[in-house]
Each structure stands twice: as structure tokens, then as C-alpha cells.
Trainee: 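Pasting in a structure now, in C-alpha cells, and then I'll have a few things to ask.
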Amino acid sequence: MTRSSKNLWGRFLFRDKGIVPTSRLLLVFVILSGILVTATFWDMPWSFVLLSNILVLLFSLVDLIYSPHKKQLKVKRSCPAEMERGINYEVALTIENRSPYDVQFSIIDGLPQSFNRPFPLSGSANKETSETLVYQTKAPVRGDYQVNSLYMRYRSTLGLWEKQMTIPLNEKIKVIPDMTQTKNFLEDAQRFLNYEGIKIRKYKSGVGEFSKIRSYVVGDDPRKINWRQTAKLQEVMTNEYEPEHGKHITILIDCGRMMGAELKSGNRLEKSIEAALTVTAAALQKGDYVAVLAFSKKVKVYIPPAKGMAHLQTILQAIYNIEVDAAESNYGEILNYLQLVQKKRSLILLFSDIQTFLHEESALVYLKRLRQRHLFLMIGIEDEMLVKRGRETPVNAQQTMVKSIAQQQILIKKEGKAKWEKQGLLMVEAREEKLATTAVSYYIDMINRGLL
């Protein structure tokens, strides 16, 4: 296809600048030509037919003249610079009509193909006024995106022609992970965990740092009663303790091939990142130090440990655009790297695929060294299809075979987990929607039990 033909095709596909006839003009020509051709059967000369079509065409061109000039139409876009994955956001388009003519228009915004695209948008703007169109969009894939252009068509006064133009509007949009669960935890930690049927466990009596003095309630340990304040206020008061602050938490995020497996919403890596950010928020809120390491064959991102809620933004900006690699993860090299950079005792929280990790014999050597100083917890996403096949009631021979194979795979995984847990690596699997709450619950439990 030549360049000129591509430009012509682009006009009809709403991707170029130029002038195109509307369906109204084509309908006028079809009706007029039909009448005149029929009239030729009654000795009407063909020259009159040709002259009539030329006059109609000239009249339509006059209609084209009485339409806004492209320079008299201005469009501005207002969109968020940062969007969360899978969340609806509003984008506002302001169309300013500086011409003395009313205008009807259609707009296609140049969003990436992966975004939700409710186009074309139609509207109208009276002369020397401005109108605002608002549409909603969402991005299902994290990363950095560039929106360069906006495409607009507007009709002439009688609607016989449409002018088309491409408006350069450069915008950068950053799509970050879905932070809904993290926000819910920061708003109310206990309600966040109770929603999934999990409760924050009580602290061990007298263990940890003194937190505050509060009124005694049924179920509190009588040994923690503060007799001095009780005598002063004439009300039974008790001391409340919380785990010591300043513990080190190291979060490992696997970006290997198996983490690209699709789930109901996103893939394993998406859910792992969202859960990791929720655990990070929980740890930073309690005053702990958090480090994050994303890896596949090699280290992709490493954020050194720090505390304070400002560190959450540092971690978010460092890992929001990491992607799944096509290669298998090298757990041995990553654990060796971790041994070099993490000298202080910490809780190492590994988000990965348990089925894959069970076959990594090379990582066992490094794990034996690290477990002497660090506490390990590995969290993976449960294979719901495998569990479903293992629990269903078979009705024929084929389903019986499928169930037996599924149960065999579940048994092999259970034996493998038991083998690794003997080496000091606790393995947990959770459903994708409960991954964040499970990770936070285990973190709180380990801190409350004073394992660090």
C-alpha cells in the first residue's frame, strides 16, 4: 500500500486529518441520481443530469465553507498522572469552540489499546462556548504509558461534510498496582482481617514494649493490672503491650515464568505485588524496617531496609512496573545475594510458586546457612482447579482418573512442603483473594510470638 493510499485510508479510520463526506451527503447524491436517471427514460438529457450533480456538489462545498476552522477548536485533556490497576478513573475533555458556528463533533482519545476505550464520544458545542465531556477508563496492566494524540471529527452546518483533525496532547500515565487492600488495612487493620475471618492475635502477657494504659475488660490478664492508676482513678486499669518495634522484614517477589499464570483477576505476580505492598504497609505502620527484592534469573530490583510510611512510596515507585520474565527463577543465586546484603536477623517473606520451588534442590544449601540467622515464610497462591478436581465426586471413569491424578499431585506437594519445612522454611498457600490478608496475618502472628 502506497503512502498516499495509507493516508486516505487513515482518514476513513479516524486516524488522520482531512475532509470526508458524511452519510447524509451520500444519501442526497443517491436519491438525486436515482430520480434523474429515471427521468432520462422520458428524454431528459444526460447533460442536465451531470449539471445537477455538479450544482449539488458546489452547494455542499458552500456548506463546508460555513463551518469552524480547525484553529478555532481547542481541546484540553485532564487525566490522572497515576492510575491503579483495574480501577475506574475519569478523564475530562474540554472542547472550546471559538468560531461563530455551532458544531457537532465525535472524539476518539489516543489511549493505549490495553485501556478501556469507550469511543467514539459524541457531543456538541455552541458558538463561542466550551463543553466538557467526561468518560471512564481503566488499565488492566501495570506500567508506563504515553498518550500522544486525540482524534476529532466535526460536522459542517448542514452536516454534509466532516472535517477531521489530529490534536497532539502528550500525557504520561503511570499504572501502579491496585492499592485497595493496602488502603483498607491502613484505615482499619482489625476490620480488614476480620473480613476474611482472621483476628489479630493477642500479645503475650508482659512481652514487648509498653504501649498504653486502658480500662480493664473481661478477658484481660489480671497480672497486667496497673494498681497505681487503678487507685488514682478508682477504676480498674491495665497495661497494654505491643511487640518491639524496629524489626527487619525482607520481602522477596518472584518474577519468574510461573508467576505469569493467569488468575481470575491478573496473574500471580500482580497478586503477589499487591499482597507485598499490604504487608509493607503493615510493617511500616508498626515501625519495622522493610526491604524488598524482586528477582527472576537475577536481581531485578532491590530496595534497602528503611522505616516510616514514606518508605512505602519508595517501594511502590521501584516495583510498580516489574514484569514476568520468560526464564525460570534462580533461587540459589538470590538466596546467596540475600546472605550478602541482609546481615541483621529478619523475617524473610517469599512470594513465589510453591510447586516450582519444591524442585529447587540447589537452593537448599543457601537456605541451611540463612535459616541460622533469619526466619523464613513462603507464601504462594493455591491452585484452585487442582483443589476442585481433588474434591469433586466422580460419576464416570474419566472423572475418577482426573480426581486420582489431582489427589496424587496434592499429596506430592504436601510431602515436598514437609521436607522443606524440616529445613526451616514454612510454606503457606492461600486463595488469590485472600493472599494479602493471609500474609499480613502470618506476619502479625510471628511478630506477636516474638520469633524475631
Side-chain angles (χ1 to χ4, degrees), residues 142 177 249-263 266-280 290-303 315 319 322-339 341-342 346-368 370-371 374-384 386-387 409-410 412-421 423-443 446:
R142 294 174 294 103
I249 314 299
T250 304
I251 299 176
L252 306 184
I253 303 175
D254 185 4
C255 303
R257 180 178 63 86
M258 294 304 296
M259 297 299 286
E262 291 295 327
L263 304 172
N267 55 32
R268 289 176 178 173
L269 179 60
E270 299 286 359
K271 292 298 181 181
S272 297
I273 292 175
E274 293 166 7
L277 290 172
T278 306
V279 176
T280 298
V290 179
V292 175
L293 189 152
F295 67 94
S296 56
K297 290 183 67 176
K298 295 183 178 180
V299 176
K300 296 169 70 73
V301 175
Y302 176 67
I303 304 101
I315 293 173
I319 68 173
I322 57 175
E323 298 178 353
V324 176
D325 290 343
E328 300 291 345
S329 298
N330 189 342
Y331 295 98
E333 180 175 340
I334 300 308
L335 292 176
N336 184 40
Y337 177 83
L338 187 62
Q339 187 177 1
V341 298
Q342 186 56 276
S346 66
L347 168 61
I348 298 177
L349 191 60
L350 172 60
F351 289 93
S352 184
D353 178 51
I354 290 181
Q355 186 68 38
T356 304
F357 191 85
L358 291 176
H359 303 287
E360 289 293 328
E361 298 291 341
S362 60
L364 187 58
V365 178
Y366 300 101
L367 181 61
K368 287 181 178 179
L370 286 171
R371 72 181 178 87
H374 304 288
L375 183 64
F376 280 89
L377 172 62
M378 182 176 182
I379 299 182
I381 298 176
E382 182 180 82
D383 189 340
E384 294 187 17
L386 184 64
V387 175
Q409 292 298 317
I410 293 173
I412 292 174
K413 182 187 292 186
K414 185 180 295 186
E415 293 175 350
K417 289 170 63 176
K419 169 189 169 183
W420 280 93
E421 287 174 356
Q423 303 298 326
L425 176 60
L426 177 62
M427 290 184 170
V428 178
E429 282 189 311
R431 296 202 304 269
E432 59 175 292
E433 64 271 14
K434 291 190 175 182
L435 185 65
T437 51
T438 301
V440 172
S441 179
Y442 271 89
Y443 155 73
M446 289 181 173

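FYI, side chains are in, hydrogens and waters are out, and symmetry mates aren't considered; it's all heavy atoms of this structure. Please read all numbers here as calculations on a predicted model, not as lab measurements.
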Trainee: Tell me, please, which residues at least two apart from D383 pass salt bridge (Lys or Arg N to Asp or Glu O under 4.0 Å).
Mentor: none

Trainee: Would you please test L358 and I412 for side-chain contact (heavy atoms from CB on, under 4.5 Å) and show each step?
Mentor: CA-CA 10 Å; L358 291 176; I412 292 174; over 6 Å; no

Trainee: Should the heavy atoms of other residues, nucleotides or ligands under 6.0 Å from CD of E323 be counted, would the total exceed 12?
Mentor: no

Trainee: Identify, with sequence neighbours excluded, every residue that meets side-chain contact (heavy atoms from CB on, under 4.5 Å) alongside I334.
Mentor: L293, F295, V299

Trainee: Taking only residues two or more places apart in sequence, or in another chain, which ones meet E328 in a side-chain hydrogen bond (donor to acceptor under 3.5 Å, both in side chains)?
Mentor: R257

Trainee: Using the test salt bridge (Lys or Arg N to Asp or Glu O under 4.0 Å), find all partners of R371 that sit at least two apart in sequence or belong to another chain.
Mentor: none

Trainee: I315 pairs by side-chain contact (heavy atoms from CB on, under 4.5 Å) with which of V301, V292, I251?
Mentor: V292

Trainee: Identify, with sequence neighbours excluded, every residue that meets side-chain hydrogen bond (donor to acceptor under 3.5 Å, both in side chains) alongside E429.
Mentor: K413

Trainee: Excluding sequence neighbours, so at least two apart, what forms salt bridge (Lys or Arg N to Asp or Glu O under 4.0 Å) with K417?
Mentor: none

Trainee: Excluding sequence neighbours, so at least two apart, what forms ring-ring contact (aromatic ring centres under 6.0 Å, His included) with F376?
Mentor: none

Trainee: Can you name the residues that form a side-chain contact (heavy atoms from CB on, under 4.5 Å) with V341, not counting sequence neighbours?
Mentor: Y302, Y337, L338

Trainee: With sequence neighbours left out, what residues match E384 under salt bridge (Lys or Arg N to Asp or Glu O under 4.0 Å)?
Mentor: K264

Trainee: T280 side chain to A276 main-chain N or O, any donor-acceptor pair under 3.5 Å?
Mentor: yes

Trainee: Please determine whether side-chain contact (heavy atoms from CB on, under 4.5 Å) holds for the pair D254 and Y331, giving the CA-CA distance in whole Å, both sets of side-chain angles, and the decisive distance to 0.1 Å.
Mentor: CA-CA 9 Å; D254 185 4; Y331 295 98; 2.8 Å; yes

Trainee: Is a side-chain N or O of D325 found less than 3.5 angstrom from the main chain of A327, in a donor-acceptor match?
Mentor: no

Trainee: Test of understanding: with side-chain hydrogen bond (donor to acceptor under 3.5 Å, both in side chains), list the residues that count as partners of K419, not counting sequence neighbours.
Mentor: E361

Trainee: May I have the list of side-chain donor-acceptor pairs in residues 266-273 shorter than 3.5 Å, sequence neighbours left out?
Mentor:
from	atom 1	to	atom 2	distance (Å)
N267	OD1	L269	N	3.1
N267	OD1	E270	N	2.9
R268	NH1	M258	O	3.3
R268	NH1	D353	OD1	2.9
E270	OE1	R85	NE	3.3
E270	OE1	R142	NE	2.6
E270	OE2	R142	NE	3.3
S272	OG	R268	O	2.8

Trainee: Would you check if S329 and T356 make a side-chain contact, meaning some heavy-atom pair closer than 4.5 Å?
Mentor: no

Trainee: Please name all residues satisfying side-chain hydrogen bond (donor to acceptor under 3.5 Å, both in side chains) with E333, sequence neighbours left out, ordered by chain then number.
Mentor: N330

